[in-house]
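Keep in mind it's a predicted model, so treat the numbers as computed, not measured. Letters go in sequence order (proteins before strands), and every chain restarts at 1.
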Amino acid sequence: MGDTKEQRYFKGSTDGKAPSRTDPLKGAKERYDLIVIGSGLGGLTAANLLARAGHSVAILEQHYNFGGLATWFKRRGGHVFDVSLHGFPVGMKKTCRKYWNAEIADSIQRLDGIRFENPQFTLDTEFTRADFTDKLVTVFGLERARVEAFYAELAGMNFYDDAGETVGQLFERHFPGRNDVHRLLLEPISYANGSTMEDPAIAYGIVFSNFMSQGVYTFQGGTDKLVRAMKAELEKNGVDLFNKVQVERVVVEGGAVRGVLAEGRFLGAHAVISNANLKSTVERLVGAEHVSPAFLAGVRGVRLNNSSTQVYLGIREGEELPWVTDLLFTSTRATFDSPALCDLHGESRTFSFYYPKTRPGSNRATIVSSTNARWSDWAHLDDAAYEREKARLVADTLDALDRHVPGVRAKIDHVEAATPRTFAFYTQHPEGTSFGTKFEGLQYSFDLPKEVRGLYHAGSVGIIMSGWLGAANYGVITANKADAFLRAELPEAPAKDVLVPRPAPLPAPLPQDTATTRQGTTA
Amino acid sequence: MTREEIIEAIKDIIHTIAPDEDLSNLNTSERLRDQIELDSMDFLDIVMELRKRYGVQIPEEEYKELATLDGCVAYLGPKLAGKSLKVGV
């Protein structure tokens, strides 16, 4: 990637986005079978599958990088920071092999170390069912049969089961009064997808069974290598990729998708998959007038998930980062509770240590600290207060890190903080949400095609369809539905160059205020 | 397609999805997921592949009809009538 050009384009969370000087839609066709809005892992995976199935597909991404929150950035001093590479379940390997290619799947490697350190317990774990069971017996003193019963119940949970019980109730039923056990079982999932004690046990159970069972995995070579490989695969399969393209709206006529309006230009499409946030898809891209009042009210009632803060710490070239672990869940808080994980200047954070092994051939290391966070704590700060809170976040993080890596400050030559405002700025997610919407969003995501024919959603919803694996798999689930629709609509036209002509008149000019989101960000 | 061809068609699709599984001794009346490692995403792949290769549309509420090979034969038989087997694609 051309560094200077990109840094000029996005100067940072308090700057505006400079308008592009070239036409970002250069080379775009008049129409596609399907347009994907947004290039998170769900959007990319859906696009790849549908292109492989023979449909003509374009991806429109507002940022200059493809990948959504699966992203990275470079900084002076040779630093490359991964934003969300922390770790994912082993299932990602199979998903990449099936829906991408062997090269991508083969770069997925297991992390060597995962550690918990808090006032209730300190332990290193392989993050497997066997090791968690051993730790719960030997460190926490639980009966083995009780632990096995917990694992067995969660493994037997089905997505369509009753969602009446909460995570907190599930924990109390199995391990009453054991806040330390609840911490071990929930903290990693909370950081992975924003789960809380109040969320449905069923959503937690499915993620737990996938995640806390066979270790934690990473992509060797870094996020940049992953996205580069995905981009090459998409191009090989004939997908047209466009970055720096702001989609103003999905054009709907007579209850059906006609295409999208992007950068003032109409692109026709038989179907659209929105990989944007569910609520912004309905309210901003589609428009309230194109869905039923009941659906709109339902979508408005869907809760957003929390946002995040991150602190990016670059180790100076030539300095060595001593081995601690790969992933460290750390807290100085005496006990565990879900809301406290999001507190402004809370006592809990995760450190992802990226040693040179992350990018074989490189001798560089970085550390990324992450917390969950609330938009409301950061959204309304004035400039001075915002800088003050960011400085405190950095100072607290360095203090916490120094306890694990004494003297680490002297080895660091780049420090940078991201807040919910930063996430909102770069992703355009409402309230900077890092994990989409809460559980209830899933039904509206599924039901969107019933409201607007040909419109599908594959953004993060409902905890299950979140994180790298959840997002990619949700892209597959949505692609399957879009493929069924396209094949029914265009029975003879899976060939890429045979497009069925269809009446698709240009939409009426839009009122000015629908096309101003580009300047509207104040993150 | 004959019964044998439908079974062959399904096995060929499963082979592309789960290449490491041994499909030579599958019991046709037992659930596929009880005999080989097939998760719900794999199942979705079977549905997509049937649509791609044979133009067969299967509504979501009828996915369960494909749980066993016998079920596949009974459910897909009418839909695959007059179509020819495509393997190794």
Side-chain angles (χ1 to χ4, degrees), chain A residues 42 45-46 48-55 89-100 102 105 155-160 206 209-210 213-214 446-447 449-450 456 464-465 469-495, chain B residues 9-23 30-68 71-72 75-76 78-89:
Chain A
T45 306
N48 197 44
L49 223 56
L50 289 162
R52 279 196 332 203
H55 305 293
V90 66
M92 191 71 185
K93 214 177 166 96
K94 185 172 172 186
T95 284
C96 285
R97 181 174 58 69
K98 288 199 297 181
Y99 311 120
W100 290 98
M157 282 180 168
N158 287 306
F159 168 65
Y160 293 105
I206 290 169
S209 296
N210 284 332
S213 68
Q214 293 180 70
F446 279 170
D447 286 348
K450 295 182 194 158
Y456 298 84
I464 304 171
M465 315 299 187
L469 177 60
N473 281 349
Y474 196 33
V476 176
I477 291 168
T478 303
N480 175 49
K481 295 177 186 193
D483 179 56
F485 172 78
L486 286 170
R487 280 181 201 274
E489 280 286 282
L490 318 168
E492 300 304 324
Chain B
I10 295 291
K11 281 187 179 178
D12 190 68
I13 288 173
I14 294 175
H15 178 70
T16 63
I17 294 161
D20 300 332
E21 295 292 335
D22 177 12
L23 308 178
E30 207 182 320
R31 278 163 48 95
L32 285 163
R33 287 178 69 173
D34 293 339
Q35 303 180 73
I36 49 176
E37 284 278 331
L38 277 188
D39 60 27
S40 58
M41 295 301 295
D42 295 327
F43 220 71
L44 212 53
D45 298 334
I46 296 175
V47 169
M48 280 185 85
E49 207 56 33
L50 282 167
R51 195 187 299 128
K52 186 171 161 186
R53 294 187 188 185
Y54 304 106
V56 174
Q57 291 271 16
I58 306 171
E60 276 172 60
E61 55 277 15
E62 292 170 17
Y63 287 1
K64 60 182 184 301
E65 307 291 337
L66 307 180
T68 65
C72 289
Y75 179 78
L76 295 171
K79 293 178 185 283
L80 291 172
K83 298 196 173 167
S84 51
L85 180 65
K86 296 175 193 168
V87 293
V89 290

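The contact between A:L49 and chain B is made entirely by side chain atoms (from C-beta outward), counting heavy-atom distances below 4.5 Å.
B:M41 is listed as a side-chain neighbour of A:V476, based on a closest heavy-atom distance under 4.5 Å. The shortest side-chain heavy-atom distance between A:K98 and B:D42 falls under the 4.5 Å cut-off.
The closest donor-acceptor contact from the side chain of B:R51 to the backbone of A:N480 lies under 3.5 Å.
At most 12 heavy atoms of other shown residues, nucleotides or ligands fall within 6.0 angstrom of atom CD in B:E37.
Taken from CD1 in A:I206 to OG in B:S40, the straight-line distance is 8.5 Å, to the nearest 0.5 Å. Within the model, atoms CD of B:Q57 and CG of A:D483 stand 7.5 Å from one another, a figure rounded to the nearest 0.5 Å. To the nearest 0.5 Å, atom NZ of residue A:K481 and atom CE of residue B:M48 are 12.0 Å apart.
Counting heavy-atom pairs closer than 4.5 Å to chain A, the top residue among B:D45, B:D39, B:I17 is B:D45.
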